[in-house]
Structures are given as C-alpha cells and as structure tokens.
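So the structure is just underneath, and the comments pick up after that.
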Amino acid sequence: MKIKEITFVALFAAIMGALGVVPPIFLSFTPVPITLQTLGVLLAGGVLGARLGAISQTLFLLLVAVGVPLLSGGRGGIGVFFGPSAGYLLSWPITAFCLGYILSKFKTLKLHNVLLVNLTIGIFLIYFIGIPIQAFMMNISIPEAVGLSLVYIPGDTIKAVLASLLVYRLRKHSFFSQKISKISETF
Ligand SMILES: O=C(O)CCCC[C@@H]1SC[C@@H]2NC(=O)N[C@@H]21
C-alpha cells in the first residue's frame, strides 16, 4: 500500500470514529442502536472504492475489537462481535467493498446512480447480513428481526441520501477529486 492510500484508509477509519462521537439512540424494543456510523460505511465505499473502503472499515473494526471505544457511545471490545449488533458490524467492510466495486463500473458517475446504489445495495447488504445474525443472537425468528429493523429505515434512508451527495461532490467537484478517483480505481 502506498503512503497516500494508507493516509486515506486511516482518514476514513478516523471519520468512523468521529461519527461515533454522536451518541447512539437506544430503543426499548431492540438492543441494536440507531447510529450515525452507517453514514461512514457508505462514504468509505463510495469515496475510497472497493479495496480501500473495505480496508478502512476492517481497520476500524479491528480497533473496536481490541477495545478502542470507537463505536457510538464510546463502546468497544470483542464482546460487541458476539452481541445482536455483530452482523451489522461485519457487514460494514463487505458493504463498503460492494459499493465501491459497483460504483467503479459506472463510466461517468451520476448523482442518481450513486443514490440508487446506496439506497438499494448499500442499505440492503447491511440488513441482509445484520438481520439473520441479530435473530440468531436474540433467539428470535428472522421475520421478528426484520420487524425490529424497520425502525432503522427512515434514518438509514437519510444517511444514504447524505452519503450520495457527499460522494458525488467529492468525486466530481472537490479539488482533490482526481486524487480520490485515482486511488479508488486501483481496486
Ligand atoms: O453500534 C452498534 O452496536 C450498532 C451498529 C449497527 C447499527 C445498525 S446498522 C443498520 C441499522 N441502522 C442503524 O442506524 N442502526 C442499525
């Protein structure tokens, strides 16, 4: 990995940590909180691309696993990977990878494409991996876990829209967009 790549990976792991400073919202009926950190997952895949996006999320999760309190509300430690949130957390590098990969297939990046990919694949993958593991950990049925996770959809939709606008602007218009696209194309 080049120095520039390491810097961007570290930056996006740090962005995840910064988003974790915003307190989570815990609801009475589910142990999996509403968190702003899903925004960081969509940003990492969209901005860094498949490989680096996934590495940044893996680095973030490794830091959490060794006990750095980077999850929203200052949580961390190996225990979170054996709780109801485990699947969602594991989905983050996979989602960043898939988003980056799919977006790299568009010749010219249009805002509506980024939006569509984030709103469908992005959110879908997180739930697809997170819900069955939540069901298993909570000893409930998958339909019950699906029912619980409906509460996240409004917030995750807003995060997907916000991430799409930021990804589009950063890749198209910002002064460092060329640097980002060069790095993210090297999947
Ligand atoms: O910090 C945690 O323990 C939870 C991480 C997973 C949160 C999931 S990700 C999809 C859904 N959207 C949210 O805002 N929360 C859940």
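One-based numbering, in listed order, for ligands and for the atoms of each. Computed from a predicted model, the values in this text were never measured in an experiment.
- A chain of hydrophobic side-chain contacts below 4.5 Å, direct or via other Ile, Leu, Val, Met, Phe, Trp or Tyr residues, connects Ile153 to Leu125.
- With contacts defined as side-chain heavy-atom distances shorter than 4.5 Å, the pair Val32/Phe26 does not qualify.
- In the hydrophobic cluster analysis, where Ile, Leu, Val, Met, Phe, Trp and Tyr join through side-chain heavy atoms closer than 4.5 angstrom, Ile25 is grouped together with Tyr127.
- Hydrophobic clustering of Ile, Leu, Val, Met, Phe, Trp and Tyr side chains at less than 4.5 Å, counting indirect connections, unites Leu165 with Leu48.
- Linking Ile, Leu, Val, Met, Phe, Trp and Tyr residues whenever their side-chain heavy atoms come within less than 4.5 Å places Val68 and Phe60 in a single cluster.
- Using a 4.5 Å cut-off on side-chain heavy atoms (C-beta onward), Leu99 and Leu42 make contact.
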Distance dump, ligand 1 polar atoms to protein, N/O, under 3.5 Å:
residue, atom, partner, partner atom, Å
ligand 1, 1 (O), Arg75, NH2, 2.5
ligand 1, 3 (O), Arg75, NH1, 2.9
ligand 1, 3 (O), Arg75, NH2, 3.3
ligand 1, 3 (O), Ser85, OG, 2.9
ligand 1, 12 (N), Asp156, OD1, 3.2
ligand 1, 12 (N), Asp156, OD2, 2.9
ligand 1, 14 (O), Thr35, N, 3.0
ligand 1, 14 (O), Thr35, O, 3.4
ligand 1, 14 (O), Lys159, NZ, 2.9
ligand 1, 15 (N), Pro33, O, 2.8

